[in-house]
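Owing to the predicted nature of the structure, the values given are computational and were not obtained by experimental measurement. In what follows, chains are A, B, ... by sequence order, proteins preceding strands, each numbered from 1.
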Amino acid sequence: MSTLAATMRRLRFSRELVLLGVLIVLVLVMSLLSPLFFTLGNLLNTSRFFVEVGLMALGMTLIIITGGIDLSVGSNLGLSSVAVGFTFAAGLPLPLAILFGLVVGTSAGLFNGLFITLLELHPLVVTLGTFALFQGLAYGVTGAEAVSDFPAWFAYFGQAYLGPIPGQLFVFVVAVAVVWIILSRTRFGRYVYAIGNNEEAARFSGVPIRRVKISLYSGIGLLVGMAAVIYTSRVSTARGDSGLGLELAVISAVVLGGASIYGGSGTIAGTVLGVLIIATLQNGLILAGVPSTWQLFVLGVLLLVAVFLNEFFRQKEE
Amino acid sequence: MTEARASAERGAGDAVLRRFLVRPEAPALAFLAVLLVVFTLANDRFLTASNLESIVDSVAVLGVIALAVNQVILCGEIDISTGSMLGLCAIAAGAVSLSTGGLLLPLLAGVAVGALAGALNGALVTLGRIPAIIVTLGMLYALRGVILLVTGGTWITGVPEATRFLGTGNVLGISVPVIILFALFLVMELVNRNSTWGRNVLAVGGNRVAARFAGLPVNRVRFLAFALVGVFVGIASLIYLGRAGSVQTNTGVGLELQAVAAVVIGGTRISGGRGSALAALTGAVLIGVILNGLVLLGVPGIWQQAVLGALILLAVATDVLRRRLVGDKS
């Protein structure tokens with residue numbers, strides 16, 4: 001009972017509750033703008049589009065909590081997608097090609113992690129470099145060609161429905177549960193917060209900082225690989241420029257969800273709400289007939305407003 | 001530290017080498033020299049005045065922007081919005097040029113739009129207290145959105161000859177973009193060596209807390225750096241407009257990355273406080289030489305992006321190793 005009371009007390013002022021309010025208001029506004037919006041079909045359909053961003057946002061949450069950042073996720077998605085498509089086109093059986101895509105995604109993340117920890121460089125400059133490198137490799141290896149003659153069963157990953165529910169939604173729910181448990185119920189999760197709060201103190205407390213960071217960057221690489229398989233299946237095409245600019249949506253979702261860009265705080269629940277808010281906004285804007293050219297602008301401004309409000313309220317709290 | 005000192009005392013030759021290695025531009029300058037020798041041996045048309053001029057010509061836009069981004073990085077911040085900013089400035093300049101012609105009004109329009117965008121970056125970073133990477137990432141996309149909105153996806157073409165002077169002109173047999181690049185380089189060297197703001201930029205980047213305690217106007221120093229990027233991007237947009245003669249909605253895409261790459265490859269430390277205008281210029285020329293060399297070697301243009309990424313990583317890794325070698329712990 002006492003834990004329930006404590007939970008209630010925490011809930012009353014929580015950032016997540018505010019975000020939930022924002023989400024509800026957004027859904028109401030969008031319903032008024034377009035009669036099509038608040039239909040079960042559309043809401044479930046929307047979920048097909050946010051799973052890729054959502055998966056990457058889960059990994060990004062942990063990285064941002066440690067005070068790091070990964071700008072290369074969009075490029076890595078393109079590289080992993082190409083890895084699946086072009087090994088398949090070269091004759092590798094599709095299950096192995098999918099596995100190869102996951103390996104490429106994870107290795108790309110591992111490369112980031114090793115580079116950052118061994119040379120003690122800021123993640124920003126390393127992932128800015130790999131942002132260009134991964135994208136360039138994806139373009140160069142494929143000669144900017146695309147592969148799209150996948151067998152019918154490949155569509156299972158990105159286009160299947162279980163009843164009315166898109167298949168990838170289950171993948172996302174499982175991933176949310178796993179990452180939530182890791183972050184809030186394991187020693188590793190405490191390490192993540194410790195590093196973000198004070199890396200020096202964490203080091204002297206015996207936190208294996210390098211190992212944690214390498215795991216995190218490899219982990220987001222794996223999530224990117226999964227997102228790449230789902231994305232490639234959903235659009236039935238593997239191209240080097242898949243995922244272009246996705247890092248913006250991913251980082252926006254995480255900071256919108258309340259993670260401090262300076263590290264030390266952030267939650268999975270917040271990130272999931274952030275992902276839902278961005279997905280609702282994008283879907284609603286399309287249904288309301290707003291030209292897609294506005295979307296970049298809206299997303300860019302949204303990112304700025306979210307970070308500003310976040311830091312503003314944090315300073316107020318302190 | 002002591003090891004490095006001991007090795008420096010071993011001989012005069014070592015001392016000269018060490019003095020060279022201590023300079024942040026050292027790896028880039030050495031690399032540039034090696035490349036020039038290699039390309040000269042590989043292709044006898046490489047080391048001609050006209051080819052060298054055309055290389056510098058081709059990186060003038062990048063170099064001018066890199067000189068300003070260098071100041072932002074020197075004071076410990078970053079600006080990755082310059083690609084979209086260049087597109088927007090070029091559209092403003094192009095639109096004014098189509099209705100009025102001439103050079104001065106389009107230049108003013110480009111510089112004004114750039115300064116406005118740069119000042120907005122600076123205000124959000126200093127007053128809004130949002131990290132520069134987030135501000136400029138948001139602006140990169142927001143400004144590209146503005147470009148699509150104001151142009152409706154159409155190109156600006158047929159820019160009058162008078163407006164194109166900064167990109168295609170010639171003074172005393174030297175092309176104008178080259179003159180602008182070297183003039184602005186000299187200005188920035190003088191600013192960094194002799195002006196209060198130039199010294200403050202290095203102080204703020206070296207240790208922001210110490211700079212604040214020393215009474216330096218930390219926010220104003222950083223704000224001016226971001227505003228300067230806008231002004232330089234405005235100037236660069238006229239060079240671009242002159243060279244291309246048209247503006248597309250995707251003008252400048254990816255340039256933000258090249259500008260940061262030029263600065264970092266040249267040797268300015270990404271965390272700020274150490275570097276020089278020479279580093280930005282060296283980095284930009286190095287990128288030009290490498291891209292030119294790739295063409296000479298017959299490498300498809302599609303690999304450019306990968307080469308650029310690898311260069312950034314190589315540059316930051318070399319800098320770490322160089323610092324470990326000379327025992328520079330800062």
Rounded distance (nearest 0.5 Å) linking atom CG of A/Leu124 with atom CD1 of B/Ile80: 7.5 Å

Separation between CD1 of A/Ile261 and CD1 of B/Ile133, rounded to the nearest 0.5 Å: 8.5 Å

Under 4.5 Å from any heavy atom of chain A - which part of B/Leu124: side chain

Contact origin within A/Leu121 toward chain B - heavy atom pairs under 4.5 Å: side chain

Option that, when pairs with chain B are counted at under 4.5 Å, heavy atom only, ranks first among A/Val301, A/Val141, A/Leu128, A/Val126: A/Leu128

Atom pair CG (A/Leu119) and CG (B/Leu321), whose distance is rounded to the nearest 0.5 Å: 6.5 Å

Part of A/Leu71 lying under 4.5 Å from any heavy atom of chain B: side chain

Proximity breakdown for A/Leu137 and chain B, heavy-atom pairs closer than 4.5 Å: both

Most chain A-contacting option - heavy-atom pairs closer than 4.5 Å, from B/Leu308, B/Ile134, B/Leu311, B/Leu143: B/Ile134

Under 4.5 Å from a heavy atom of chain A, the part of B/Ile312 involved: side chain

Distance-minimising heavy-atom pair for B/Ile302 and A/Gly143: CD1-C, 3.8 Å

Pairs of heavy atoms under 4.5 Å with chain A: top-ranked of B/Ala261, B/Ala310, B/Gly138: B/Gly138

Leading residue by heavy atom contact count with chain A [cutoff under 4.5 Å; candidates B/Leu257, B/Val264, B/Leu314, B/Val260]: B/Leu257

Pairs of heavy atoms under 4.5 Å with chain B: top-ranked of A/Phe131, A/Tyr139, A/Phe115: A/Phe115

Segment of B/Val320 engaging chain A (4.5 angstrom heavy-atom cut-off): side chain

Spacing of B/Arg269 atom CZ and A/His122 atom NE2 [to the nearest 0.5 Å]: 14.5 Å

Which portion of B/Leu313 sits near chain A, non-hydrogen atoms under 4.5 angstrom: both

Contact class of A/Phe134 relative to chain B, heavy atoms under 4.5 angstrom: neither

Residue B/Ile147 versus chain A: region with a heavy atom under 4.5 Å: neither

Minimum heavy-atom distance B/Gly309-A/Ala132, with the two atoms named: CA-CB, 3.7 Å

